[in-house]
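Because only heavy atoms are used, hydrogens play no part in the values below, and waters and symmetry mates are left out as well, while side chains stay in.
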Amino acid sequence: MRVVFALLFAGLALHVCHAIFRFGGHTVDDLIKNVDYDVLLVGSAGACLARAYVTPVERRAWAILGAGLLVWACGDVSWSLFYEQLKNPPYPAPSDIGWLLFYPASYAALGLLVRARMPHFSRSLWLDGLVGALTVAALATALVLPTLMTQNAGAAAAAVATNIAYPVFDIVLLGFVVIVFGLTGWRPDRVWLLLGLGMACSGIADSWYLYQVAAGTYAEGGLLDSFWPAATILMALAAWQPIATSRPIRMEGTRVMALPTAFALVALGIEMYDHFARVSHTAIVLSSAALLTVLVRLRLTFRENLATLARSRREATTDALTGLGNRRGLTADLQQALAEGEPRVLAIFDLDGFKSYNDAFGHPAGDALLARLGGNLAGVVGSAGGAYRMGGDEFCILVNAPAPGEGSLVDAAAESLCEQGRGFVVSASYGAVVLPREAHTTSEALQIGDQRLYRQKAGRRGSPRMQTRDVLLRVLEERQPDVRVQLREVADLSVAVGRLLGLSNEELDELARAAELTDVGKMAIPDAILDKAGPLDEGEWSFVRRHTLIGEAILSAAPALVPVARLVRSSHERFDGRGYPDGLAGDDIPLGSRIIFACDAFHAMTSERPHAPTRALEEAIAELIGCGGTQFDPRVVDVLCDVIRDRAEEARRESAVDASAPVRLDGPEPFPPVGLGGVAPRPY
């Protein structure tokens with residue numbers, strides 16, 4: 001086919017050169033004007049039919065278009081053989097039948113191609129194409145038909161009808177092409193572009209020919225005659241373009257409205273021109289129809305924009321997984337509730353055990369669980385308010401305050417977020433706030449609810465995790481009576497750092513448990529090593545380094561503490577990879593383990609130890625900073641130092657009120673944790 005099209009374009013180039021330079025004698029003129037011309041038409045029809053024969057995809061469309069080109073070529077061949085040499089050839093001639101039959105074939109082929117290539121398109125694209133088609137038809141009618149009607153005055157009715165049929169069919173064909181271009185979003189691919197160019201060449205040539213014939217200026221064999229074979233070759237070439245995969249049409253950017261607006265301005269120009277120089281009634285009707293279509297398009301655009309805005313607003317305030325409101329939706333509803341001043345209850349829920357479920361069964365199962373629980377929550381809340389998913393495993397409700405004697409909707413909501421099965425239990429902790437009695441701003445309400453949620457989560461004793469944790473802490477306390485308070489000090493400091501580093505509530509809970517149980521493996525280390533006053537030798541250090549593995553083994557026996565066991569195992573890994581037991585480095589170390597390591601080191605430095613002196617606050621901070629990047633995570637060190645200084649400053653302010661309890665930054669008690677007692681000495 002490359003050879004075929006190369007020959008067709010070579011023949012077309014020969015025809016164009018002859019039309020311009022007029023080389024050769026009478027015989028050459030006849031060969032180029034008739035033989036070369038007819039061969040180009042027949043070759044184009046054959047190429048299009050070959051495409052239909054070779055490839056089944058879109059076969060009917062290309063077969064019909066090829067048949068249309070073939071009857072066109074037959075009309076030209078019959079004219080060359082039987083009528084061209086006559087002194088007074090009949091008009092209309094039988095050849096006109098072949099030429100005119102091309103138009104219905106081309107309409108049918110375009111329709112089949114549109115159906116095959118554009119199964120789905122919007123009404124907006126239809127209207128855009130219709131605006132362009134009506135405008136092109138109005139412009140062509142205004143320019144061509146008046147001249148033709150004037151020049152054909154007094155001619156036979158059949159001749160006038162034939163002369164008018166060509167431009168009318170061409171106008172309809174061009175309008176069809178413009179509609180197709182509009183359906184592509186004014187981004188036609190090579191097939192549509194070549195078809196459009198070919199049909200435009202044919203329409204221009206027909207109108208130009210009829211105008212010159214009517215004006216008596218047509219010269220046979222001129223450049224105008226090259227437009228028709230060029231049109232057929234372009235249409236045949238379109239048939240052999242690669243079949244492009246359909247792509248979604250993006251209705252965006254100025255391109256979408258630029259061409260319809262330009263067409264509308266042309267239609268308006270025709271209407272305005274009619275006030276100065278009359279144009280045909282048909283052109284006025286077509287241009288008016290184009291402007292009316294523009295108005296319909298504007299109304300449809302307005303409706304589409306409203307729908308898009310509503311959809312965007314809905315998507316912006318809706319959680320995609322559960323269909324509940326998201327944090328943005330909660331914030332908007334909460335602000336409105338506070339502005340109205342009606343009593344409401346805000347409750348924030350956090351799932352207990354969801355992380356273990358996710359780790360055990362995978363993220364798809366976790367997402368399915370969240371979707372189920374979200375549906376349960378929405379069903380419980382009903383029309384009493386709104387249900388929201390704030391992200392992760394956190395949910396929230398904002399409901400009307402219950403009337404006296406009514407059951408608590410918050411408790412029912414918490415029950416709806418519980419699910420258990422073989423090997424897992426998922427429940428919910430919550431914190432509730434009564435609005436506007438307890439909070440007057442959105443941030444205040446969320447902060448209070450979050451604090452109460454974590455307080456409930458941390459204080460729940462009935463869960464397997466808490467029961468196991470209490471047993472292990474009791475065993476440690478029996479061996480070292482002061483250790484429980486000391487571990488709570490480290491846990492309190494670790495949670496403060498973890499919250500600033502963005503850990504979720506469940507991660508903070510695991511972090512607190514790991515910090516409290518980080519030394520559980522030391523129960524297997526002899527007291528002589530733990531209480532040794534001097535430095536430890538290598539053999540004794542080997543015992544110490546095993547305590548994280550022992551701790552992991554003990555904690556892993558309780559399924560609820562498996563996530564905690566992982567943090568305990570890595571609680572002595574160094575940031576530079578020189579820690580134990582696995583030699584992890586950098587971000588490979590769990591963030592919770594990095595936090596515990598730094599907080600435990602600070603607490604050890606500022607406490608009395610058998611084998612090392614107690615360090616002052618600023619000295620301990622300097623040691624942390626100096627070991628950042630080697631022993632500790634620098635980011636954790638930065639946050640930890642901020643927490644230490646903030647708490648020391650708070651202690652200074654308290655000491656200014658109570659002069660009997662001065663704060664010493666250089667003594668053995670530099671860091672009084674909030675809500676816990678003083679720092680007791682602890683063996684390392």
Check: [X] side chain, [Y] main-chain N or O, donor-acceptor pair, under 3.5 Å:
| X | Y | value |
| --- | --- | --- |
| D274 | V279 | yes |
| R51 | A239 | yes |
| W240 | R2 | no |
| R328 | T317 | no |
| T318 | E315 | no |

Grab the two heavy atoms, one from [X] and one from [Y], that are nearest each other, plus how far apart they are.
| X | Y | answer |
| --- | --- | --- |
| C201 | L234 | SG-CD1, 4.3 Å |
| A290 | T135 | CB-OG1, 3.6 Å |
| V131 | A264 | CG1-N, 4.4 Å |
| L373 | S416 | CD2-O, 3.7 Å |
| A105 | I64 | O-CG2, 3.3 Å |
| T232 | P229 | OG1-O, 2.8 Å |

Pairs flagged by ring pair (Phe, Tyr, Trp, His ring centres under 6.0 Å) wherever residues 259-280 is involved - sequence neighbours left out: W186-F263

Do [X] and [Y] have side-chain N/O donor and acceptor atoms under 3.5 Å apart?
| X | Y | result |
| --- | --- | --- |
| S95 | S78 | yes |
| S287 | E271 | yes |
| Y103 | D170 | yes |
| D206 | W99 | no |
| T162 | D96 | no |
| D29 | H18 | yes |

side-chain contact (heavy atoms from CB on, under 4.5 Å), that's the test. Do L110 and L173 meet it? Break it down for me. CA-CA 9 Å; L110 285 176; L173 185 59; 3.8 Å; yes

How many angstroms lie between [atom1] in [X] and [atom2] in [Y], if you round to the nearest 0.5 Å?
| X | Y | atom1 | atom2 | value |
| --- | --- | --- | --- | --- |
| L286 | I171 | CG | CD1 | 8.0 Å |
| L7 | L12 | CG | CG | 12.5 Å |
| I204 | S202 | CD1 | OG | 9.5 Å |
| D367 | T322 | CG | OG1 | 10.5 Å |
| T55 | R59 | OG1 | CZ | 7.5 Å |
| L134 | L291 | CG | CG | 9.5 Å |

Is it the case that atom [atom1] in [X] sees more than 12 heavy atoms from other parts of the structure closer than 6.0 Å?
| X | atom1 | value |
| --- | --- | --- |
| R60 | CZ | no |
| Y53 | OH | no |
| R372 | CZ | yes |
| F302 | CZ | no |

Would you say the side chain of [Y] lies within less than 4.5 Å of the side chain of [X], judging by non-hydrogen atoms?
| X | Y | answer |
| --- | --- | --- |
| T261 | V294 | no |
| C396 | F349 | no |
| H440 | L338 | no |
| L70 | F102 | no |
| W72 | S44 | no |
| D30 | V35 | no |
| M390 | L446 | yes |
| V77 | L41 | no |

Is the ring centre of F395 less than 6.0 Å from the ring centre of Y388? no

Do W228 and Y37 have their ring centres less than 6.0 Å from each other? no

Mind running side-chain contact (heavy atoms from CB on, under 4.5 Å) on I97 and V71 for me, showing each step along the way? CA-CA 8 Å; I97 298 175; V71 296; over 6 Å; no

Test R117 against every option in D189, L112, T184 by the side chain to side chain contact (heavy atoms under 4.5 Å, CB included) rule and name the one that passes. D189

With L195 as reference, evaluate L113, L237, V180 under the side chain to side chain contact (heavy atoms under 4.5 Å, CB included) test and give the passing residue. L113

Criterion side-chain contact (heavy atoms from CB on, under 4.5 Å) on R389 and N326, from CA distance to verdict: CA-CA 5 Å; R389 179 182 174 226; N326 58 14; over 6 Å; no

Hey, what's the ring geometry for Y218 with Y209, parallel, tilted or perpendicular (30° and 60° as the breaks)? perpendicular

Once you measure the plane-to-plane angle for F169 and Y107, does it fall in the parallel (<30°), tilted (30-60°) or perpendicular (>60°) bin? perpendicular

Between R327 and D319, is there a side-chain N and carboxylate O pair less than 4.0 Å apart? no

Before accepting this row, confirm whether a basic side-chain N of the pair E84/K33 lies closer than 4.0 Å to the acidic partner's carboxylate O. no

Kindly indicate, with the supporting measurements, whether the criterion side-chain contact (heavy atoms from CB on, under 4.5 Å) is fulfilled by D36 and L31. CA-CA 6 Å; D36 180 58; L31 286 174; over 6 Å; no

